[in-house]
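Taking it in order: structure first as structure tokens, then the write-up.
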Amino acid sequence: MPDSLVPASLTLSVIGVGYLGAVHAAAMAELGHRVIGLDVDQARIDALSEGQSPFHEPGFDELLRRNVDSGRLTFTTDYTELADVDVHFLALGTPQRDDGLGADLSYIHSALDALTSILEARNGKPTLIAGKSTVPVGTARELHARITSIDGVALAWNPEFLREGFAVEDTLRPDRLVYGVADQSAADQEIGLLDAVYAELLDLEIPRKVYNFESAELVKVSANSFLATKISFINAISELCDVTGADVNDVAEAIGMDDRIGPKFLRAGIGFGGGCLPKDIRGLISRAGELGTVDSFAFLRDIDAINQGRREYVVRLAKRLLEGSVDGKRIAVLGAAFKPDTDDVRDSPALDIALKLYSEGARVIITDPVANENVRGRYPSFHVEDSTEETLRDADLVLLLTEWKQYRDLDPRTAKELVSKAQIIDGRNALDLDTWRDAGWQVEALGRP
Ligand code: UDX
């Protein structure tokens with residue numbers, strides 16, 4: 001599309017304002033666009049409209065409030081308000097299906113159903129649908145077939161790589177922009193509109209790559225599967241360290257100095273969780289099966305199994321420290337979120353371990369700096385404490401399972417005064433072992449002597 005045909009100011013929609021969509025919507029408004037966020041969840045829309053963030057994400061509250069106050073960012077549940085939108089971003093969830101490992105694409109299809117009459121009423125005016133959700137390879141091509149008959153409408157797949165805890169930074173300063181298009185030799189409209197959306201980022205020389213649909217879809221799941229593989233790899237090495245006396249932090253440090261390997265995502269511990277990595281490896285296994293390449297992805301089942309095994313490993317370790325049984329023992333769990341700086345407890349290794357111990361009869365007390373409400377909402381009968389001191393009080397065993405700064409910085413001497421027995425499992429290799437041992441604690445760190 002020639003530059004002259006790209007509207008001077010763009011109106012965007014973001015359909016699905018969960019974690020990804022809400023951050024994307026606010027970030028696009030921050031770039032100066034008029035943005036309408038749409039969701040079927042009225043309560044969420046009401047909160048966002050008042051500038052209230054439904055989740056904990058550093059920097060997001062200010063970003064949201066600033067752009068709601070400026071009037072550039074509004075929210076609705078009504079598709080008819082999207083009539084003048086030039087670019088619709090699809091940011092709907094693609095959760096794991098109830099009946100298998102694959103992704104549930106029903107939210108995306110419903111959104112497209114609801115959007116169809118809006119797109120037709122544009123009467124040929126250039127409009128772009130840009131998918132941001134993580135989808136199985138082949139999805140964009142299928143969706144494209146649904147919209148090609150509508151005059152003026154194009155589809156691009158524009159995956160999002162944001163990390164929770166760094167979502168604002170990752171959206172406004174991404175490592176790269178990926179545009180997946182139906183035909184790279186005839187994608188002026190897709191490239192023209194996306195370049196206009198991201199003009200400010202392109203001025204910063206953030207690399208922009210134009211691929212076909214399939215490559216763009218695969219970039220996202222490959223990246224997450226690779227990260228998961230790195231974590232399970234170092235966790236497998238960690239188990240070897242435990243039986244040999246090697247220190248996994250030393251091994252990770254030295255292999256990470258080889259820049260072909262790199263130091264990141266080699267932190268051994270209780271493994272990965274959250275809304276993306278576990279779901280994405282399972283989605284890739286499932287899709288590879290459908291496409292006849294399942295044997296080459298058997299290793300990803302092992303990556304998943306190693307990761308799940310880390311949770312069992314900690315439960316066994318807890319039993320060993322408590323002379324064979326956790327039944328009736330008071331266990332303090334520090335951390336419930338799947339990682340620090342988020343209140344997200346989806347597939348959280350910390351919460352999973354806490355629940356396993358609870359189901360074996362332990363009196364588990366769990367605390368988290370920001371995720372407590374989410375835990376209470378999901379498990380109303382679970383003992384959740386707001387204060388770290390009360391969590392630690394009289395504990396027979398402490399588990400550090402999410403490496404929040406306040407837990408890394410705990411004073412072992414003060415903590416020792418509170419507990420019944422000074423023994424701790426450092427599930428995230430976050431503590432200075434000497435300091436804690438000098439203060440009289442028995443510390444079990446995964447993969448460290
Ligand atoms: C991930 C990807 O990083 C991001 O690019 C993508 O867009 C969405 O999925 P996120 O789910 O926010 O982001 O979390 P991430 O920071 O990747 O951490 C995932 C899990 O791995 C966490 O539970 C974390 O504790 C764990 N982890 C991470 C480790 O156990 N060891 C590490 O070295 C790094």
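Quick note: residue numbers are just sequence positions, from 1. Counting convention: from 1, in listed order, for ligands and their atoms alike. Scope of the values below: all heavy atoms of this structure, side chains included, with no hydrogens, waters or symmetry mates.
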Handout entry: Within 45° cone of Phe382 ring axis and under 6.0 Å: Arg376 NZ or CZ
Key = no

Exercise for the section: Check for a donor-acceptor pair, side chain of Asp396 on one end and backbone N or O of Arg330 on the other, with a separation under 3.5 Å. Expected result: yes

Handout entry: Donor-acceptor under 3.5 Å (Ser286 side chain, Arg282 main chain)
Key = no

Problem - Contact residues of ligand 1, where a non-hydrogen atom lies under 4.0 Å away - result: Glu160, Phe161, Leu162, Arg163, Glu164, Lys220, Asn224, Leu227, Ile231, Phe265, Leu266, Arg267, Gly271, Phe272, Gly273, Cys276, Leu277, Phe338, Lys339, Arg428

Problem - Within residues 350-362 or reaching into it, pairs that qualify as salt bridge (charged side-chain N to carboxylate O under 4.0 Å, His left out) - sequence neighbours excluded - result: Arg311-Asp352, Glu312-Lys356, Lys319-Glu360, Asp352-Lys356

Handout entry: Within 6.0 Å of CZ in Phe226, more than 12 heavy atoms from elsewhere
Key = no

Problem - Centroid separation Phe55 to Phe60 less than 6.0 Å - result: yes

